[in-house]
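Encoded as structure tokens, the structure appears first; notes follow it.
Letters A, B, ... are given to chains in the order of the sequence lines, protein chains preceding strands, and every chain is numbered from 1.
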2 protein chains.
Amino acid sequence: MKGEAEKLVVLKDTFVSQWGIMGTQWGINRTMAQIHALLMTSPEAMSTDEVMEELSISRGNAHTNLKELVNWGLLRIVTRKGERREYFEAELDVWEIFRRIVRERKKREIDPALDLLEGCLAESQGMKSAGGRAFNEQMKSLEEFVRFVSKMSDRVAGMPHGKAMQLAMKLFG
Amino acid sequence: MKGEAEKLVVLKDTFVSQWGIMGTQWGINRTMAQIHALLMTSPEAMSTDEVMEELSISRGNAHTNLKELVNWGLLRIVTRKGERREYFEAELDVWEIFRRIVRERKKREIDPALDLLEGCLAESQGMKSAGGRAFNEQMKSLEEFVRFVSKMSDRVAGMPHGKAMQLAMKLFG
DNA sequence: CCAAACTTTCGATAAATACTGAAACATATG
DNA sequence: CATATGTTTCAGTATTTATCGAAAGTTTGG
């Protein structure tokens, strides 16, 4: 029978690789999701080389995705005294993780849509033909709604954990 | 100077092609997003052939993506009396569109993550080593939070428009 | 200011995903 | 039940995206 240590290794590997596959459904790449999973479950901060080694990936790939995760705010760079090397550690607080993902996805998914809709709305303003008016109306409802979702995202991502949970409980008991 | 009709055609084309590009950021494919945009701004329901023609795409591609949009609930199939051919028309109500997207994304993005986390949580339950306990704790917070998000999605996607807006206003004035 | 330690970039390659076009399949109607 | 009309599938191809690995760039300490 397997000992706990072996079982844990297998379990972590499963988690990392599956989280990676999930990432691809999410529109982020496999490696990025795997690194995130790896560091969320690592007791220690890890260096680029350790990540490369652990996931059997190239330096370039590890580097690109570590930096991207830092951009998302899901990893922090830390250093150890007397060492030049940079280590990466994951944000572990789930509410923080959530806020950062919301913020990033809003930036990539909502804001550009809003820009497009605003443009189309403005360009079709004042059209007289039936087709023109219908288009303008549809743009208007889409624009209003997306603007609203955008605002909601900001509010939610701006809340501290306690506040958000309190609110959620009040709403949904 | 261009007439309104010409300007509208250009504007619609821009909208359709840009919405398509946006789709790729969203993890849905370009054609699917373009068809959706096309039908949201079409005064009439369109047949597969008309969609093929308008977007210059193959029958197979048009077919696959029309069906996928129907699965998402973003298009409806309609028929005209005395005709065998199927036509597709878009759901135009923004709140309906939103609900359906939330539902679909929850299914693809949240549910599988929850399954994975539940599995890892169960497997690491009762581990005694420091590493095992740490892993179990992290899985627990992730699982709880994702479960919570899942529930919230269901609630929001289940609300009628009026209710949701009322709620939103109360929250965010 | 040189060498060592470490990080970043980038062209080439591999892998994944989307799309085509033609053929197979289904169904309504004379 | 044959034909015309409409739908679906699928193997091959194209496009896009991710990854590799080597070379170039940076920084620090001696």
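Between A:E86 atom CD and D:dT28 atom C1' the separation is 14 Å, expressed in whole Å. Going from atom CD of A:E68 over to atom P of C:dT9 covers 13 Å, rounded to whole Å. Rounding to whole angstrom units, OH of residue B:Y87 and C1' of D:dG6 are separated by 11 Å. Atom CG in A:N71 sits roughly 11 Å away from atom P in C:dT8 (whole-Å rounding). Atom pair A:W26:CH2 and D:dA18:C1' shows a separation of 20 Å (rounding to whole Å applied). Nucleotide C:dT7 holds its C1' atom 11 Å from the CD1 atom of A:I77, rounded to whole Å. The distance from atom CG of A:N65 to atom C1' of C:dT9 is 15 Å, rounded to the nearest whole Å. Rounded to whole angstrom, the span from the CE atom of A:M32 across to the P atom of C:dA16 amounts to 19 Å.
Contact annotation: B:N61 reaches the phosphate of C:dT20 (side-chain N/O to OP1 or OP2, under 4.0 Å). Considering only side-chain N and O atoms, B:R59 lies nowhere under 4.0 angstrom from the phosphate OP1 or OP2 of C:dG21. A close approach under 4.0 Å does occur between a side-chain nitrogen or oxygen of B:H63 and OP1 or OP2 of D:dT8.
Residue B:R85 has its side chain nearest to D:dT7 when only D:dC20, C:dC6, D:dT7 are considered. Distances from the side chain of A:K67 to the nucleotides C:dT20, C:dT7, C:dC19 place C:dT7 closest.
The residue B:S56 sits close only to the backbone: its heavy atoms come under 4.0 Å of sugar-phosphate atoms, none of a base. Looking at heavy-atom distances under 4.0 Å, A:N29 makes contact with sugar-phosphate atoms alone, never a base. Counting non-hydrogen atoms under 4.0 angstrom, B:R84 reaches a base of the nucleic acid. Here B:T31 lies in heavy-atom contact (under 4.0 Å) with sugar-phosphate atoms only.
Between A:R30 and A:D49, the residue whose closest nucleotide on DNA chain C is further toward the 5' end is A:D49. Residue A:E83 is the one, among A:G60 and A:E83, whose nearest nucleotide of DNA chain C lies closer to the 5' end (criterion: closest heavy atom).
Partners of B:F15 under the ring-ring contact (aromatic ring centres under 6.0 Å, His included) rule, at least two apart in sequence or in another chain, are B:W19.
Summarising the local packing, NZ of B:K106 is surrounded by more than 12 heavy atoms from other residues, nucleotides or ligands at distances under 6.0 Å.
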Derivation and outcome, side chain to side chain contact (heavy atoms under 4.5 Å, CB included), residues B:Q125 and B:N136: CA-CA 6 Å; B:Q125 208 56 270; B:N136 181 255; 3.5 Å; yes
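Between the side chain of A:R30 and the backbone N or O of A:I21, no donor-acceptor pair lies under 3.5 Å. A:E4 places no side-chain N or O within 3.5 Å of a backbone atom of B:G132 that could act as its donor or acceptor partner.
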